[in-house]
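Please read the structure below before turning to the comments.
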Amino acid sequence: MKEYDHKKLEKKWQSIWEKKKIYQAQNSFKKPKYYSLIEFPYPSGDGLHVGHPRPYIGMDVISRKRRMEGFNVLYPIGWDAFGLPTENYAIKTGKDPRVVTKENTDTFRGQIKSLGISFDWSREINTTDPKYYKWTQWIFLQFLKKGLAYKAKMTINWCPKCKIGLANEEVVNNSCERCGTTVEKRKKEQWMLAITKYADRLDKDLDDVDYLPQIKLGQRNWIGRSEGAEIEFKITVKQKNNFGAFALGGKGQGTHDAQNHSFVSQSVKVFTTRPDTIFGVTFIALAPEIAKKLTGKDFGIKSDVDRENKQKIGVDTGLEAKNPANGEMIPVFAVNYVSAEYGTGAIMGVPAHDERDFEFAKKYNLPIKEVIEPVFVDTEGIDAVQKDKPMVEREAILAIVKHWSEDKYLGLKWKKVNWGTFISGGVEKGQTSEQAARAEIEEETGYFNLKLIKTLGRYHSKFFHTPKNENRFGHFNTFYFELENGKQNEISKEEKEKHEILWLSPKEIEKFLTTESLRYRWNILQGYKKIYTGRGILVNSGKFSGMDSEKAKKEIIKFVGGKEKTTFKLRDWIFSRQRYWGEPIPVIYCENCRVGSLASDKRKQGFRLENAGWIPVPEKDLPVELPKVKNYQPTDSGESPLANIPKWVNVKCPQCKGKAKRETDTMPNWAGSSWYYLRYTDDKNKKEFASQKNLRYWLGVDPVRERSPQGDRSTASGRAFSNEVDPVRERSPQGDRSTASGRAFSNGVDWYNGGNEHTTLHLLYSRFWHKFLFDLKLVPTNEPYMKRTSHGLILAEGGEKMSKSKGNVINPNDIVKIYGADTLRLYEMFMGPFDQAIAWSEEAIIGPRRFLEKVWRIGMSKCLFDKKSPMSKRHFDITRLLHKTIKKVSEDIEEMRFNTAISALMILATEMEKAEKLTPESYKLFLQILAPFAPHIAEELWQNLAPQGLAFGFLKARPSSSSIHSSAWPKWDENLIKDEEIKIIIQINGKVRTEIVIQADDKEEDVKKQALANEVVLRHTEGKEIKKTIYVKDRLINIVLSN
RNA sequence: GCCCGAGUGGCGGAACUGGUAUACGCGCACGACUUAAAAUCGUGUCUCGUAAGGGAUGUGGGUUCGAUUCCCACCUCGGGCACCA
């Protein structure tokens, strides 16, 4: 028997595949397309470790399956090669980053190629290639033209030791990642991209894409949409204050420049999401910067809160604000817990209904005014409000009654309904609530020597009253009584039938209570300090009292003359880096030609950048190439090292031909990766970043519906064997998407898999660019990616992250050498759920290897079955199992459940080996579903089948040209999957006792009869009454006995 | 503090929308083949019990004929955010 020589075989097929170009996406556009994408790697100096290929293999399995399903698949790869590690390496060694990048990509390419991933290497791109970044710069110019790129003074992180501006990701624990020095904040002119202009769409359009829920959530949290209102509060200087009189900013004193105009009107705007609580405002809190603008005074507070010390502090500004809702005058504080960057930098303090305001008010003894009474709505269980039943409002009471000598409380356990409550009831006409409570207690429990200790406020509850068969909207006043003694009257029969009276300890109470509203009241009694921040009914709110808080929001905004406003957490994107190894920002500064200006001072003293306006580099001059430099260290002033090259910096102004200087900032690492998937569709294009024709095809706007002509497929005859697959029909119905949302058609890359670390920033940035290009009609879809999934990290054996510095990196090449690429691929897919982090295990890898050896042995020895021999039962079982496996593998791949797919393949292989005879036909189907996981061995064995294949007609005359990877994906036969005999589990009182075998078409009655006649069942049921039996088709029978 | 995810054999992990908990793989033990070893194949492998049967899916409750799965409270680990009004 020929040995399984993975080295020889893998090399052989890799070179044949490459020669035949079977993984190259076809530009003929005749077949339906499939675009699968992985995040292109950053070619670090560490080389590839075994974690990198996990997503590549996962998407490779999917891509290979799609090819076999008849799609024209684009599965590309490239290099995201700009960035800090390479630059830092260059600083350290003086090596040209271009050279370093070349070396690294060569290493990576070699490593990846040895894994047999079906990437289309003919479209390889590199973000550091001027032919590529020409278009990155070009897109930036479009942003500039549309006014979405602008300059602003921004605070950046500055390392005083390295004299360098740091990216956020270089700041670890407020210190420089490299030298550990505490970073400072510095103001610096920065290029910005106005991503906030797209915040609304970036949030809403998530409805239209198929991302994993947690990814959508991550995006939504990052964007941080919040709907509220801006409300203006008039301000005056308090008559008596501790700071002496001062005028408001801009008025009279002339010390404040007129640009701080928004506060000249002597009012302050607050942003709030709870305008409904405005009657509960007891102070105004300002961000320190806003307070300073308003008064001209520095209150010695920073809003940049120290993370260690989260104490809220504030200083009275000496101002007074007028609540527009009720005219009350309230103090104005400068506080550290309000940020000037969010909303308006000013908030209305409502301590009764906001945790932070509450904390602040407690500390500074400010009044707390309750304006919302909680409303609880039961939405689950038997108390759930039933929409079709009437809602009856009742004035009611709730009473908590304590035992006269023990720490126990009265509870009512309802007999007909599953309720555990305190004493509650309605208030009759002419009764006060307290009277009603006393009467109710006596009536229901007989106790009457009550002492009212305190009232616990009022709450409201909507629930379904099962005994009365109606919805209730109860308004409960809550009382706490203690009994003086245990004297008790007789309780009426009716009451006795309704419920049981229990004395419960505090611990028991918590389990006993059945609704949230009751628990809430109990917690109040326990001195629960949390305030109520939920929805409710307004009180102490003038004419709005009694109104639902949600409803009141809009009306109150109107009433106080506020404005509805949606705010986002998302900030504009700081797009400048004072670095060398990035795309130069294509802008020139000229004193004369002011397209965009950043100068406020118009004096001219020679050429000074800060006096100059900027003009975009003309498109014909792109790319602005990175010049070679000697030193990669940023300048002392924190500018990019590019600033040290006068030859490059000094240019002629493209407009006036006068003296001009280049922008020396470069783009962040995110730039090139924001649009790379577009370039793959047309990577050689010199005139456009990609042609409309290619974009339309690959982003699926012009779907091809006809199937390819026969000649296109090398194993066209394979179809005669397995059922026809119609890829177009299998896809999600495209029409639905566009009509459902009413928004622009959402389509794009079919499936994008990447790391969890990129599900917020990278994904958001590239969605932003894409939408921008869509608005310019440069891309045909509104969203770049239709579907997004994530993979988990592979950790080192100890569970730590793999890194060169820790010395725990496992190089896939070593594994490939020992076990082969197929084994590595199989193991990485088998080791655990694809989306979960998992530790590498050198021990376990032998399992997949043994499996492949088994597959090999079967292929070498068993495929000599004579088609004329009668089918044995065993063979029939194999066929059934085979079809079940085809189904499972097909479905599991779609859900990325690769581990269970492989487990099914293993089970099938074991059975196949055990079988005495096996048709080449069965084996062929097995190889086909194995092929996406282990492409080399599958191909080799497939080719080995050629003689049988010819005889059986599933291979064409020239077998060497018919790769298994171009064959048609097998389809399972539903009829062959159905079992004739089914095992039924018999449970007695929910415990498994035995099992019986029934015929697939047996009726429920027959099955029950069989079950009851069973020996084991008889033993258990003897002398007992059968209460009921539960039959779950094809699964089990549960016989319930009475005791 | 908040949000998200996860806790199942010696280990990695299975279990579809509530229906035989521990598939598959690793490891381990025994057996076959072998002069022997490796490889391979076979059998066994949650736990207590001779058995009948009982007990186990982080802990404690609940709902249900039936719960790894649903609900409530809590504990541990991993990831993200950090006063977002």
Side-chain angles (χ1 to χ4, degrees), chain A residues 213-215 217-218 221-222 224-226 228 270-274 277 285 287 303 305 307 310-312 335-339 341-350 354-357 359-360 380-382 418 510-514 516 519 567-570 756-757 759-760 792-793 795 799 826-827 830-833 835-848 850-851 853-854 857 888 891 895 897 899-907 910 913-914 983-995 1016 1019 1027-1041:
Chain A
Q214 62 273 32
I215 297 177
L217 194 75
N221 287 344
W222 191 264
R225 174 195 209 88
S226 95
V270 303
F271 175 72
T272 179
T273 55
R274 295 298 301 272
T277 63
S303 80
V305 185
R307 289 187 186 188
K310 281 204 247 178
Q311 279 274 320
K312 292 186 173 47
V335 304
N336 68 341
Y337 75 95
V338 171
S339 149
E341 309 237 306
Y342 185 77
T344 58
I347 62 158
M348 53 185 223
V350 187
D354 183 281
E355 306 271 4
R356 295 151 301 181
D357 297 343
E359 201 185 311
F360 185 77
E380 274 173 25
I382 49 162
N418 182 31
E510 277 166 36
K511 291 172 193 166
F512 174 75
L513 297 175
T514 46
E516 195 199 345
R519 256 179 241 127
T567 313
F568 298 92
K569 271 196 250 182
L570 188 67
N756 284 312
E757 68 275 24
T759 49
T760 43
L793 287 177
L795 308 167
L826 220 40
Y827 175 59
F830 180 66
M831 60 197 299
D835 59 352
Q836 236 170 70
I838 194 159
W840 183 260
S841 161
E842 192 77 49
E843 255 187 354
I845 198 167
I846 193 71
R850 283 181 192 150
F851 163 66
E853 281 167 4
K854 181 180 289 183
R857 278 199 307 274
K888 178 153 181 63
E891 290 172 352
E895 302 296 321
R897 291 190 300 249
N899 51 338
T900 50
I902 292 169
S903 137
L905 288 168
M906 286 172 166
I907 293 168
T910 304
E913 192 176 40
K914 274 192 224 161
K983 202 169 71 178
I984 296 283
I985 298 305
I986 301 183
Q987 296 185 337
I988 288 164
N989 288 340
K991 285 209 154 82
V992 180
R993 292 302 174 191
T994 186
E995 61 190 45
V1016 180
R1019 203 171 68 220
K1027 223 158 116 190
K1028 62 174 164 179
T1029 55
I1030 286 141
Y1031 176 62
V1032 181
K1033 195 170 183 308
D1034 296 349
R1035 287 205 180 265
L1036 58 77
I1037 274 196
N1038 188 9
I1039 299 163
V1040 186
L1041 305 173

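Residue numbers begin at 1 in each chain, while the letters A, B, ... track the order of the sequences. These numbers come from the heavy atoms of this one structure, side chains and all, not from hydrogens, waters or symmetry mates.
- If you measure from atom CH2 of A/Trp222 to atom C1' of B/rG79, you get 14 Å, rounded to the nearest angstrom.
- Nearest heavy atoms, A/Ser339 versus A/Ala287: C-CB, 3.8 Å.
- Between B/rA67 and B/rG54, the distance separating the two P atoms is 14 Å to the nearest Å.
- Taking the side chain as every heavy atom from C-beta outward, A/Thr1029 and A/Val1040 never approach each other to under 4.5 Å.
- When distances are taken from the side chain of A/Asn1038 to each of B/rG25, B/rU20, B/rG66, the shortest belongs to B/rG66.
- In this structure, A/Lys1027 atom NZ and B/rG66 atom P are separated by 9 Å, rounded to whole Å.
- Nucleic acid contact for A/Ile1039: none, since no nucleic acid atom lies under 4.0 Å from a heavy atom of the residue.
- In the set B/rG27, B/rG25, B/rC65, B/rG25 carries the atom at the smallest distance from any side-chain atom of A/Phe830.
- A syn base is found at B/rG9: its glycosidic angle is within 90° of 0.
- Between the C1' atoms of B/rG27 and B/rU20, the separation comes to 26 Å (whole Å).
- Evaluation of the side-chain hydrogen bond (donor to acceptor under 3.5 Å, both in side chains) rule for A/Thr273 yields no partner, not counting sequence neighbours.
- To the nearest whole angstrom, the two C1' atoms, one in B/rU63 and one in B/rC70, are 8 Å apart.
- Among the heavy atoms of the strands lying under 4.0 Å from A/Lys991 are primed sugar atoms or P, OP1, OP2 only; no base atom is included.
- Regarding contacts with the backbone of B/rA85, a side-chain N or O of A/Ser226 is found under 4.0 angstrom from either OP1 or OP2.
- Taking atom CZ of A/Arg897 as the reference point, atom P of B/rA14 lies 11 Å away to the nearest angstrom.
- In this structure, A/Lys312 forms a cation-pi arrangement with A/Tyr337, its terminal cationic atom sitting closer than 6.0 Å to the ring centre and no more than 45° off the ring axis.
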Look for any protein N or O under 3.5 Å of an N or O in nucleotides 39-42 of chain B and output each such pair with its distance, or none.
residue, atom, partner, partner atom, Å
B/rU40, OP1, A/Arg850, NE, 3.3
B/rU40, O3', A/Arg857, NH2, 3.2
B/rC41, OP1, A/Arg857, NH2, 2.9

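- The phosphate of B/rC24 has neither OP1 nor OP2 within less than 4.0 Å of any side-chain N or O from A/Asn899.
- At the heavy-atom level, A/Asn756 lies nowhere under 4.0 Å from the strands shown.
- The same atom, P, is picked in B/rG79 and in B/rC72; the two are 26 Å apart, to the nearest Å.
- As judged by a 4.0 angstrom heavy-atom cut-off over every strand, A/Val992 is placed among residues touching the sugar-phosphate backbone only.
- For A/Met906, the listed nucleotide lying nearest its side chain is B/rC24; candidates were B/rC24, B/rC26, B/rU20.
- Rounded to whole Å, atom P of B/rC65 lies 11 Å from atom CG of A/Asn989.
- Note on A/Ser841: nothing from the nucleic acid sits closer than 4.0 angstrom, heavy atoms only.
- Here the side chains of A/Ile347 and A/Asp357 are in contact, with some heavy-atom distance below 4.5 Å.
- Among the atoms of the strands shown, only primed sugar atoms or phosphate atoms (P, OP1, OP2) are found under 4.0 Å from some heavy atom of A/Leu217.
- Across the protein-nucleic acid pair, A/Glu843 atom CD and B/rG13 atom C1' stand 15 Å apart, rounded to whole Å.
- Taking every side-chain heavy atom of A/Arg1019 into account, B/rA52 is the closest of B/rA52, B/rG13, B/rG12.
- By the neighbour-count criterion of 12 heavy atoms within 6.0 Å, atom CD of A/Glu341 is sparsely surrounded, having that number or fewer from other residues, nucleotides or ligands.
- Using a 4.0 Å heavy-atom distance criterion, A/Ile1030 is classed as a base contact.
- B/rG58 and B/rU8 have their C1' atoms separated by 10 Å, with the value rounded to a whole Å.
- Straight-line distance from the CD1 atom of A/Ile838 to the P atom of B/rA14: 8 Å, rounded to whole Å.
- The CZ-P distance, from A/Arg1035 to B/rA21, rounds to 12 Å in whole Å.
- With a 4.5 Å cut-off on side-chain heavy atoms, A/Met348 and A/Thr277 count as touching.
- Each of B/rG25, B/rA23, B/rU20 was ranked by its minimum atom distance to the side chain of A/Ile985; first place goes to B/rU20.
- Atom C1' of B/rG13 sits at a distance of 13 Å from the matching atom of B/rA6, rounded to the whole Å.
- A/Tyr827 places a side-chain N or O within donor-acceptor distance of the main-chain N or O of A/Ser841, the cut-off being under 3.5 Å.
- Straight-line distance between the P atoms of B/rG25 and B/rC33: roughly 25 Å, to the nearest whole Å.
- A/Arg225 comes within 4.0 angstrom of no nucleic acid atom, judged by non-hydrogen atoms across all strands.
- Residue A/Arg993 places at least one side-chain N or O closer than 4.0 Å to OP1 or OP2 of B/rG54.
- Taking only distance into account, the side chain of A/Gln987 meets the base of B/rG19 through a donor-acceptor pair shorter than 3.5 Å.
- Remark: the A/Lys312 side chain and the B/rC83 base include a donor-acceptor N/O pair separated by less than 3.5 Å.
- As rounded to the nearest Å, B/rA23 and B/rU68 have C1' atoms that lie 15 Å from one another.
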